[in-house]
Structure formats: structure tokens, C-alpha cells
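First the structure, in the form of C-alpha cells, and then the observations on it.
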Protein chains: 2
Amino acid sequence: MGEERDKTDSGPRPESTAGALIAAALEIFGRKGFDSTSTREIAAVAKTNIASISYHFGGKAGLRIACAEAFAAHIGALINSLTAHEPTSPTEAEDLLLTLIDRLASHLIGSAEMRPLVAFVLREISDGGPGIDIIYKAMIGPSHQRLCRIWALATGEDPDAEAVKIFVFSIIGQIVYFRIGTAIVTRRMGWTDIGPGEAAKIVQVLKANLRDLIAARRRLPK
Amino acid sequence: MGEERDKTDSGPRPESTAGALIAAALEIFGRKGFDSTSTREIAAVAKTNIASISYHFGGKAGLRIACAEAFAAHIGALINSLTAHEPTSPTEAEDLLLTLIDRLASHLIGSAEMRPLVAFVLREISDGGPGIDIIYKAMIGPSHQRLCRIWALATGEDPDAEAVKIFVFSIIGQIVYFRIGTAIVTRRMGWTDIGPGEAAKIVQVLKANLRDLIAARRRLPK
DNA sequence: AGAATTCAATCAAACGTTTGAAAGGTCAAA
DNA sequence: TTTGACCTTTCAAACGTTTGATTGAATTCT
């Protein structure tokens, strides 16, 4: 029973061997994919022995799940911090919506700190990996539901309507694509990469889009 | 100990070994990723010997590039067929824009025929594979540039403006996400998968979004 | 016949995992 | 305080399997 976690620190711990393995695996899994990552490379980056992976996580697959759990734990606090305030009026909901999209996009696109975590999650999703379940429950499910509620309050639509759910996904899709298709975007834009400066320009466009969409829906009577 | 193969078959199409390998690789690469796909599985699906891959394409990496080229050739005709008509007025541009998004989204999300091709391309993009160059030149570059032109005509903005380019990517991102995040979307929506029926609902939302965004931009004076 | 292609068999390298021993820590008994 | 048994953790080495690629003979086509 060698399971222990440090509650004072957020994210994977670089101190213990298990924490170092999770941190290393999270980064390499995200960058190269699960199958393309060898246990030897993970152990080397974590500065430990290969056998530690089997010892602590039962194997490579177990380490993958531990990475998803570590991400969920790390992102949980961030989600909760954004869930503190609940809007009561449509205008308040609109402001909150714009703020949330700003934060979400900045973290997803621009943040260098979040880059490995985001890469891991996106790869897990597009690969249909076993981490989807954990990630969905910890992050996507609650976030999407909440965004639907706020959007419904802002526009007067039904938060449980199919079209509203799809719409919220389309907004998220706008953001996610700039991470997935970074190689394409940078090439077309003439950028070398998407740093904070480029991310700011993108966020500006996405916020303008959302503003226009809210205005268009608000104009329609219930 | 072998099974006889009738070469004088009257099968549906007499496919060459190279063609069968490309078709098989395209499908498996798209579904499982390049590294996770073994040459043995490709050869088995293509009903040929492993050595054929090295013989025809010089190796696994060569087959990957051949897949990208095959996709580019296949998609080139489709792109050209949509590029036939050039709009002259803003309203004409708006109609064309909506039509193009409809076609693009239907092919990307709903089409069962295109599914393997789309999966391969998206994986190549997110993996930063060597096929990006071919795919960009054959499909993404021309398409994006053209969409920028049409959008600019519809709204009176500058087709070379940075914000316009980013905006067009955001529209594409809306579509792509429903392919990338199919596992997430179906789970939240309570669907089993995204077939033609679900795709139609999504396209409807995306077209409404685009309509609203055009109206909002059009309203602003030049 | 001669070139082009496909085949079974085989190669070295890399893979994830396992092994048994060594190292580190804890704690009750001496 | 010292001792020694016990448990956890780390380590080098090796395991069997699978990988992409290659070989030379067999087959097919021109």
C-alpha cells in the first residue's frame, strides 16, 4: 500500500518517485502520445528506474490513468474557483460568459504552464483513451453544464435544449481548434508559434464572436 | 498450407497492391495513429505481404506520405468542384458561405465515406506528421484563403486582415471539434454516435451561428 | 527469357514487464 | 543506544514478445 498524496501542492509532485513519474509521463504522453512513449523514456525523465512504473502504478496503463487523475485533481480547484459566483440577471450572465471564455481560452491556448496538461487531455480525448471517463466527470461534464445554464440565463433559452448544448460545444470547439491545429494556424498566420501575444489576438476574436452571438439571440423574443 | 487466390476474379474493382496498402493504411492510421499501427496489420488488411510495403513505398514512413498524397489527390477534385462559382455581391457571398459551411460540416462530421480520410488528416495534423505539408498545400491553404475572400466580400472587411484569418479558423474549429471530441459530445448529448441525423442537428446550429455573425459584422459600417 | 512483383522466413532493435538482490526506513526488544 | 527483523522502495539485469525491415527464392506479368 504505497499510496500517498500531498494535499498542499497542486498538480503532480516532483518530489516523490511516483509524482516525478506522473509529471514526466503527463508531459511525454501529451507530446508524443501514449503508444509512442516508452517506459524507458519516462523513467529517464523522472530520474528513476523502469521498474518503478510497474511498482507504483501496475504498469504503463496504470500510469496513464494516474495522469488523468492527477489532471482531474489539479483542474478541479481551478474549475471551482471559477464557479464561485452564480449570476442572477441576463446582463450579469453575459459578462460572466465573456469572462469565462477569456479565462478558458487563455489557459487552453496561451498558458505555457498548462500546455503539457492540455496536450495530454486532448490526446486522451481524440485517442479515446481510458482517461476520458475521469476527465469528463472532473472537468468537461460540470463545465459544459454550467456554461449551458449561464448561456440560457443570458439569452432566455432552455438550458437543457439540445440546440443549447450543441451551441456550447461549438464555442468550446472554437477554442480547442487553435490548440489542435496549431501547426496549421501558425503556418497560415505566418507565426512561429502561438504564445501569449498570439493567444491574446485569438481570444479577442473569440470574445467578439460570443458577444455578437449573444446579442443576436437576445434580440429574439422567448 | 495456403489458400488459393483467384486472380481471374470478377470482383468489384481490381485494386493494385499499392492501392490496397494505401487504403488499408489510411483507415488504420486514422483510427489508431501511425505509431500504434503495425506494418503487419496493414499488410493483413490489404491482403498482401509485409515486404510489399518496403517494396512499393520504401517503408512505413513512405506509406504514410503516400496516404497523405492520396488524400490530397482525392480531396483536390472535391475542393475544385466547390470553387467553381465566384460570388460578386455581399448577399451572394453570404449564401455561398452558408452553403460551403454546410457542405464542409456534412463531409467532416456526418459522412461515413469520408470518416477514415478525415480521421487520418486530423491525426496527421495533431501529431505534427510529415503529411501536414502536403495536406496544407492541397486543401487547407487554398480553402482557408478562399473562405477569407468570401467572408471579406460578405462583410466588407479586409480579406488579408489578421482578425479575418483568425475568424475563419474559429469557424472551422467549430466544425472540427465535433469530430475530435466525438467521444465527449456523444456522452454529453446522450447519443450513441454522430451519424447523419446528429450531424444535421449540429450543422443547423453552426449555420445559425454563422448567419448571426455575418449579420452582426454586416451591420457595422466600413 | 527477363523484368516486376509477391512470398515465407529471418534479422536486430525496441518494447513492457518481471526478477531477485540491494538500499532505506521504522520500531519493538535488548 | 544498539540491535535485528520487517516492510517499502530502488536498482541492474534479463525475460519473452513485437516491431520495421530485409533476404533470396518463388511467382506472375510482359
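Quick note on labels: first sequence line is chain A, next is B, and so on, each numbered from 1.
Pairs engaging residues 105-128 of chain A under the salt bridge (charged side-chain N to carboxylate O under 4.0 Å, His left out) rule: A/Arg64-A/Glu124, A/Arg123-B/Asp127, A/Asp127-B/Arg123 [sequence neighbours left out]. Residues in residues 23-51 of chain A take part in these ring-ring contact (aromatic ring centres under 6.0 Å, His included) pairs, two or more places apart or across chains: A/Phe29-A/Phe34.
For DNA chain D, the neighbouring residues in residues 29-51 of chain A, judged by any heavy atom under 4.0 Å, are A/Arg40, A/Thr48, A/Asn49, A/Ala51.
Between B/His56 and C/dA4, a side-chain N or O to OP1/OP2 separation shorter than 4.0 Å is absent.
For A/Phe167, the ring-ring contact (aromatic ring centres under 6.0 Å, His included) partners are A/Trp151, not counting sequence neighbours. Not counting sequence neighbours, B/Arg179 has no partner by the salt bridge (Lys or Arg N to Asp or Glu O under 4.0 Å) test.
The interatomic distance linking B/Lys60 (NZ) with C/dA13 (C1') rounds to 14 Å, in whole Å. Nucleotide C/dT6 holds its P atom 12 Å from the CD1 atom of B/Ile53, rounded to whole Å. Atom CG of A/Leu21 is separated from atom C1' of D/dC11 by 14 Å (rounded to the nearest Å). Counting to the nearest Å, the P atom of D/dC7 and the OH atom of A/Tyr55 are 12 Å from each other.
The shortest non-hydrogen separation linking A/Ala93 to A/Ile150 is O-CG2, 3.4 Å.
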Considering only distance and modelled atom types, tabulate donor-acceptor pairs under 3.5 Å from the side chains of residues 194-202 of chain A, sequence neighbours left out.
residue: A/Glu198; atom: OE1; partner: A/Gly195; partner atom: N; Å: 2.9
residue: A/Lys201; atom: NZ; partner: B/Glu162; partner atom: OE1; Å: 3.2
residue: A/Lys201; atom: NZ; partner: B/Glu162; partner atom: OE2; Å: 3.3

